[in-house]
Amino acid sequence: MNKTFWIPLIVSFGTMIVLYIIGFIANIDSLIFNISLSHTEISLVPIGVGIVMGFISERIIKSKSHAN
């Protein structure tokens, strides 16, 4: 696969992981992923931001490849 697929995917997952880690360390409720025996709570903010960052990085890569 080419870099127009892998780089946005890595940026997207990397952003999600970093935001979940920041939420865990700083105890920010809107960025936390909690698992307990009774229920699982997942914040959708890091997922949304990760998807947006993936789209942005894909657009940047495509615009730079068309410029060359």
Side-chain angles (χ1 to χ4, degrees):
M1 305 237 171
N2 55 9
K3 68 180 179 179
T4 58
F5 173 77
W6 284 108
I7 292 176
L9 185 67
I10 292 170
V11 167
S12 179
F13 280 115
T15 303
M16 290 180 210
I17 291 169
V18 167
L19 287 175
Y20 278 121
I21 290 172
I22 290 171
F24 179 74
I25 291 172
N27 199 17
I28 302 171
D29 289 334
S30 62
L31 298 178
I32 291 180
F33 178 72
N34 290 326
I35 298 176
S36 64
L37 294 175
S38 61
H39 62 317
T40 302
E41 295 178 14
I42 185 167
S43 173
L44 297 177
V45 173
I47 294 171
V49 172
I51 291 171
V52 168
M53 292 301 293
F55 282 126
I56 291 171
S57 65
E58 181 181 9
R59 295 288 181 185
I60 291 171
I61 291 171
K62 284 185 179 180
S63 69
K64 286 190 178 194
S65 69
H66 289 295
N68 290 333

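These numbers come from the heavy atoms of this one structure, side chains and all, not from hydrogens, waters or symmetry mates.
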(message) Rounded to the nearest 0.5 Å, what separates atom OH in Y20 from atom CD1 in I25?
(response) 15.0 Å

(request) Supply the atom-to-atom distance I22 CD1 to I28 CD1, rounded to the nearest 0.5 angstrom. (result)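 It comes to 7.5 Å.
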
(message) Quick check against the 3.5 Å criterion: does T15 have a side-chain atom that pairs as donor or acceptor with the backbone of V11?
(response) yes

Check residues 41-50 and write down every donor-acceptor pair under 3.5 Å in which the side-chain atom is one partner and the other belongs to a residue at least two apart or another chain.
{"residue": "E41", "atom": "OE2", "partner": "H39", "partner atom": "NE2", "Å": "3.0"}
{"residue": "S43", "atom": "OG", "partner": "S30", "partner atom": "O", "Å": "2.2"}
{"residue": "S43", "atom": "OG", "partner": "V45", "partner atom": "N", "Å": "3.4"}

(message) Let me check something: do F13 and I32 share a hydrophobic cluster, defined by ILVMFWY side-chain heavy atoms less than 4.5 Å apart, either directly or through other members?
(response)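 No, it is not one cluster - the side chains of F13 and I32 are not joined through contacts under 4.5 Å.
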
(message) Do L19 and F24 sit in one hydrophobic cluster, given that two such residues count as connected whenever their side-chain heavy atoms are within less than 4.5 Å of each other, even indirectly?
(response)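 Per the 4.5 Å side-chain linkage, L19 and F24 are not co-clustered.
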
Side chains of residues 55-62: which donor-acceptor partners sit under 3.5 Å, not counting sequence neighbours?
{"residue": "S57", "atom": "OG", "partner": "M53", "partner atom": "O", "Å": "3.2"}
{"residue": "S57", "atom": "OG", "partner": "G54", "partner atom": "O", "Å": "2.9"}
{"residue": "E58", "atom": "OE2", "partner": "K62", "partner atom": "NZ", "Å": "3.4"}

